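What follows is a short report on a single structure.
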Number of protein chains: 2
Amino acid sequence: MNAPTKRNTRQRTSIIDFLKTRKEFISAKELYSEMEGSKVGLSTIYRALSDLVNDGDLDVFIDNDGESRFRLCGSHHHHHLLCRKCGKSVEFQAPEAEALAERLGASEGFSEMEHRLEIIGTCQECI
Amino acid sequence: MNAPTKRNTRQRTSIIDFLKTRKEFISAKELYSEMEGSKVGLSTIYRALSDLVNDGDLDVFIDNDGESRFRLCGSHHHHHLLCRKCGKSVEFQAPEAEALAERLGASEGFSEMEHRLEIIGTCQECI
DNA sequence: ATTGATAATGGGAATCATTGTCAATAAGCC
DNA sequence: GGCTTATTGACAATGATTCCCATTATCAAT
């Protein structure tokens with residue numbers, strides 16, 4: 001993450017600065033209209049968001065209308081995939097799970113969500 | 001679920017029968033091409049899938065390309081949302097989690113996935 | 001500070017899953 | 001069989017996202 005492959009442009013900076021002021025998930029289009037003053041093109045917003053996701057700086061999830069929604073990552077929470085036979089374990093991140101926890105908890109009136117996710121399966125060597 | 005509001009048509013029956021033979025998630029388009037012999041229109045497939053989802057007979061999740069993928073519900077695996085103060089617990093289902101477990105496990109060469117997901121938060125009464 | 005190589009921008013067109021439209025058809029009831 | 005009405009399906013429309021490409025901006029080297 002934080003691959004230093006991108007140049008610092010006014011647009012990219014504005015987008016990141018805007019995201020820093022935002023705790024909730026936001027869609028590309030919403031970002032576009034809320035940033036109207038900053039004169040950033042919609043294509044640029046899509047590109048920047050996509051880069052930020054690839055660098056691991058943004059969490060994404062796709063809402064029920066098929067629209068992607070973004071939020072700056074907090075600490076990098078991770079989960080485990082475990083083999084039920086040999087115990088081999090693989091770490092992974094799951095922004096979907098972060099987002100799911102937020103949405104589900106919020107929909108029930110909960111706040112300050114944490115979550116635990118564990119996937120158990122049989123690894124290739126143990127089949 | 002299983003709201004008996006729909007007529008039994010050849011098309012609807014074919015779609016359900018096809019889904020019964022399928023363990024993995026499938027998209028509407030894939031279903032359409034795999035069922036070519038059955039002469040069912042794409043609109044009809046979308047409508048039927050949407051009805052089945054509303055009746056609670058199908059699990060859905062939206063993949064990374066924004067395409068919806070469907071699978072007949074199996075046993076209704078569920079998860080818990082817990083309050084960290086009073087212990088109040090709410091059951092919920094999360095097809096996304098089912099799908100996530102499948103995908104992630106498979107991507108690491110694992111099979112026969114199970115998973116556990118727990119969300120912990122503070123409920124409205126305990127704030 | 002200027003230059004030059006190259007990455008980033010933006011606006012419109014293109015893509016592609018999904019939904020809407022509506023005339024034709026088929027289910028289910030008498 | 002005949003009737004009422006939901007369902008179907010071909011096609012158009014929608015809408016988020018990506019592609020295209022001429023123009024512009026960044027930044028390291030001069």
Side-chain angles (χ1 to χ4, degrees), chain A residues 2-19 22 24-55 57-71 95-96 99 103, chain B residues 2-19 22 24-55 57-71 95-96 99 103:
Chain A
N2 292 75
T5 346
K6 301 292 167 190
R7 290 185 174 169
N8 290 324
T9 63
R10 173 184 64 77
Q11 290 88 337
R12 218 159 267 255
T13 306
S14 309
I15 291 171
I16 294 173
D17 286 348
F18 182 90
L19 286 169
R22 258 251 162 190
E24 314 81 44
F25 282 88
I26 190 172
S27 74
K29 292 278 181 93
E30 285 167 10
L31 193 53
Y32 181 59
S33 32
E34 296 203 22
M35 289 187 64
E36 245 185 326
S38 309
K39 302 273 183 179
V40 181
L42 185 56
S43 309
T44 301
I45 287 180
Y46 274 105
R47 269 187 299 244
L49 291 175
S50 161
D51 291 341
L52 288 168
V53 168
N54 286 334
D55 293 351
D57 296 326
L58 272 191
D59 281 339
V60 216
F61 78 97
I62 304 182
D63 70 16
N64 291 328
D65 299 330
E67 196 175 12
S68 297
R69 304 187 68 79
F70 306 84
R71 190 184 61 179
E96 299 99 309
R103 267 188 300 150
Chain B
N2 294 75
T5 348
K6 301 290 167 188
R7 286 187 177 169
N8 290 325
T9 64
R10 172 183 65 76
Q11 291 87 336
R12 218 159 267 255
T13 307
S14 310
I15 292 169
I16 295 173
D17 287 348
F18 182 90
L19 286 170
R22 258 251 162 190
E24 314 82 44
F25 282 88
I26 190 172
S27 74
K29 291 278 181 94
E30 285 167 9
L31 193 54
Y32 180 60
S33 31
E34 296 204 22
M35 289 187 65
E36 243 183 327
S38 309
K39 302 272 184 177
V40 181
L42 187 53
S43 309
T44 301
I45 287 181
Y46 274 105
R47 270 185 299 242
L49 291 174
S50 160
D51 291 341
L52 289 167
V53 169
N54 287 333
D55 293 350
D57 296 326
L58 273 190
D59 281 338
V60 215
F61 79 96
I62 304 181
D63 72 15
N64 292 328
D65 299 330
E67 197 175 12
S68 296
R69 305 186 67 78
F70 306 85
R71 190 184 62 178
E96 299 99 307
R103 268 187 298 148

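Given the structure is predicted, the values throughout are model-derived calculations rather than measurements.
The interatomic distance linking Lys39(B) (NZ) with dA10(D) (C1') rounds to 13 Å, in whole Å. Between the C1' atom of dG15(D) and the CD atom of Glu67(B) lies a distance of 16 Å, rounded to the nearest Å. As rounded to whole Å, 13 Å separates atom P of dT7(D) from atom CD1 of Ile15(B). Atom C1' of nucleotide dG9(D) and atom CG of Leu49(B) are separated by 15 Å, given to the nearest angstrom. Between Arg12(B) atom CZ and dA26(C) atom C1' the separation is 13 Å, expressed in whole Å. Whole-Å rounding puts the Asp51(A) CG to dT17(D) P distance at 15 Å. Look at CZ on Arg69(B): it is 15 Å from C1' on dC16(C), rounded to the nearest Å. In this entry the distance linking CZ of Arg7(A) with P of dT24(D) reads 16 Å, nearest Å.
Nearest heavy-atom pair, Arg69(B) versus Phe25(B), reported as atom, atom and distance to 0.1 Å: NH2-O, 3.3 Å. Nearest heavy atom pair, residue Tyr32(A) against residue Leu42(A), reads CE1-N, 3.7 Å.
Expressed to the nearest 0.5 Å, how far CD1 of Ile26(A) lies from CG of Leu49(A) amounts to 9.0 Å. In this structure, Arg22(A) CZ and Leu19(A) CG are separated by 9.0 Å, a value rounded to the nearest 0.5 Å.
Annotation: of the two residues near DNA chain D, Thr44(B) and Asn8(A), the 5′-most nearest-nucleotide partner is Thr44(B). Each of Tyr46(B) and Arg10(B) lies near DNA chain C, and the nucleotide nearest Tyr46(B) is the one positioned closer to the 5' end.
Between dA6(D) and Lys6(B), no contact under 4.0 Å exists linking OP1 or OP2 to a side-chain N or O. Between Gln11(B) and dG9(D) there is a side-chain N or O to OP1 or OP2 distance below 4.0 Å.
Checking dC27(D), dT18(C), dT7(D) against the side-chain heavy atoms of Thr9(B) singles out dT7(D) as nearest.
Side-chain atoms of Ser43(B) come within donor-acceptor range of the base of dA10(D), with a qualifying N/O pair under 3.5 Å.
If you check every strand for non-hydrogen atoms under 4.0 Å, Ser68(B) touches sugar and phosphate atoms only. Using a 4.0 Å heavy-atom distance criterion, Arg47(A) is classed as a base contact.
Put simply, the residue from Asp51(A), Thr9(A), Val40(A) that forms a side chain to side chain contact (heavy atoms under 4.5 Å, CB included) with Ile15(A) is Val40(A).
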